[in-house]
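First the structure, in the form of structure tokens, and then the observations on it.
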Protein chains: 2
Amino acid sequence: MSRPTIQSPERGGARIRLLEAARDIIRAKGFAATSVDDLCKAAAVTKGAFFHNFGSKDALGVAAAEFWAETTSGFFAAAPYHDPADALERVLAYVAFRKAIIAGDLPEFTCLVGTMAQEVYSSSPDIRDACGRSIFGHTATLEADIETARRDHGITGNWTAESLARHTQAVIQGGFVLAKAGNSPDLARESLDHLDRYIRHLFHVTEEDET
Amino acid sequence: MSRPTIQSPERGGARIRLLEAARDIIRAKGFAATSVDDLCKAAAVTKGAFFHNFGSKDALGVAAAEFWAETTSGFFAAAPYHDPADALERVLAYVAFRKAIIAGDLPEFTCLVGTMAQEVYSSSPDIRDACGRSIFGHTATLEADIETARRDHGITGNWTAESLARHTQAVIQGGFVLAKAGNSPDLARESLDHLDRYIRHLFHVTEEDET
DNA sequence: CAATACATACCATACGGTCGGTATATGTCA
DNA sequence: TGACATATACCGACCGTATGGTATGTATTG
């Protein structure tokens, strides 16, 4: 871990440690309830480092949403649900994958940007928009597979790939809300079963046994 | 507006004005970002009144969730979607009704308890549980119609009425998250169209044209 | 007279943010 | 090569304010 240089200004250890702390703490406590001191303590840096890297707490929120977008898009790009040759199978594999990664404690699998957007959409448009870019950027990656599947299977319904991709996100986000309200990850998984069934219905695919 | 009496202690004007203020402000700013002073100012009462009626800010959060449960259950009980004789039609009318009431600005139609649960599920179990009771108490009112519809239409799928009722809530809550992230109510309505289509699929009903 | 339903003044602290300082790395020019 | 200027990354003390909460007083009601 060398010291940061002028060529690689992102190399500053404090910045990413703060972003990782933000990812973990904000998912558990929410943005407003997370203090700058909380973040500094968790990242083992001082306030000076915080305000050197981020001009304000709001700026940290925006950066955290962007950091989330980067890391999750890498995570999903490397995930195995892209393997099937058939586009529809990839879409169904995506849903199964989203279900499979719901494991452990709630703050570990819930969505940072969904939580933040819900909380600050009115008071901090910058954070809200950064969260929106993360969410809708992700739906865009699904949209291509859905559209391909739709064409390959000759499906002509009163819906668009874009809309179904967004609905998929809505189901996932809504599942998280219920899981938190009911304090049980099962509630998030449950809705993904319905989503799976819905997509199979849309594509006239017979339902598989669910595990 | 008489003074509260010992026979009707709920008659205190400050209490309900504070609860109404909480309902409106927390939906816009979130629970943590809403200060006690904010609420007192909006309700035109003093801090003394606040802490007389609620022992703490957390207690106000619990009371606000319970207030929400009461008012919304009254609202939905009086709604016209209960009119159809056929249970399935009532379920579909419910979805249509949920779509219809998505109007105006975001804080006016989004769900207080969904927002609060998402925010405080970890730091304030009391509020979280009160939110959970509100949400799952509402799904229970749908469950009966779904179960009746299922029996009347002789549907035997790999799902339960309870689960579909919860899924309905998940779609609604998720729609709110996307609507906030994208700053557009249309995103909440969109998912309800998918939900409508899903339910019709489950009950083998031909799709109607959507407005 | 006792209980309720407030009002007002006050308090300790936690909060976001600022500021002056220091250590290290890099470019450059004699 | 080395001295110097400059920029970056970070430290830690400090500040003004906002926050949740309290203590005391008072008008009204049964």
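- Take A:D86 and apply the salt bridge (charged side-chain N to carboxylate O under 4.0 Å, His left out) test, not counting sequence neighbours, and it matches no residue.
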Identify each atom pair where a protein N or O and an N or O of nucleotides 13-16 of chain C are less than 3.5 Å apart, giving names and distance.
| from | atom 1 | to | atom 2 | distance (Å) |
| --- | --- | --- | --- | --- |
| C:dG16 | OP1 | A:K57 | NZ | 3.2 |
| C:dG16 | OP2 | A:V36 | N | 2.8 |
| C:dG16 | N7 | A:K47 | NZ | 2.8 |
| C:dG16 | O6 | A:K47 | NZ | 3.2 |

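- Residue B:L39 contributes atom CG, which lies 14 Å from atom C1' of D:dA18 at whole-angstrom precision.
- OP1 or OP2 of D:dC10 lies within a sub-4.0 Å distance of a side-chain N or O belonging to A:N53.
- A salt bridge (charged side-chain N to carboxylate O under 4.0 Å, His left out) check over residues 161-172 of chain A, counting only residues at least two apart or in different chains, returns the pairs A:E162-A:R166, A:R166-B:E190.
- Atom CZ of B:F50 and atom P of C:dA9 are 20 Å apart (whole Å).
- In this structure B:K57 satisfies the salt bridge (charged side-chain N to carboxylate O under 4.0 Å, His left out) test with no other residue, sequence neighbours excluded.
- Residues forming a ring-ring contact (aromatic ring centres under 6.0 Å, His included) with A:F50 (at least two apart in sequence, or on another chain): A:F54.
- The NZ atom of B:K29 sits 12 Å away from the P atom of D:dA18 (whole-angstrom rounding).
- Taking the salt bridge (charged side-chain N to carboxylate O under 4.0 Å, His left out) definition, one finds that A:R98 meets it with nothing, sequence neighbours left out.
- Residues that satisfy the salt bridge (charged side-chain N to carboxylate O under 4.0 Å, His left out) test with A:K47, not counting sequence neighbours, are A:D37.
- At whole-Å resolution of the value, CZ in B:F54 and C1' in C:dC6 are 13 Å apart.
- Recorded end-axis angle for the helix from C:dC1-D:dG30 to C:dA30-D:dT1 stands at 0°, based on five pairs per end and rounded to 10 degrees.
- Every residue two or more places apart in sequence or in another chain was checked for a ring-ring contact (aromatic ring centres under 6.0 Å, His included) with B:Y121, and none qualifies.
- The side chain of B:H52 contributes no N or O atom lying less than 4.0 Å from OP1 or OP2 of C:dC6.
- No donor-acceptor pair closer than 3.5 Å links the side chain of B:D38 to the backbone N or O of B:T34.
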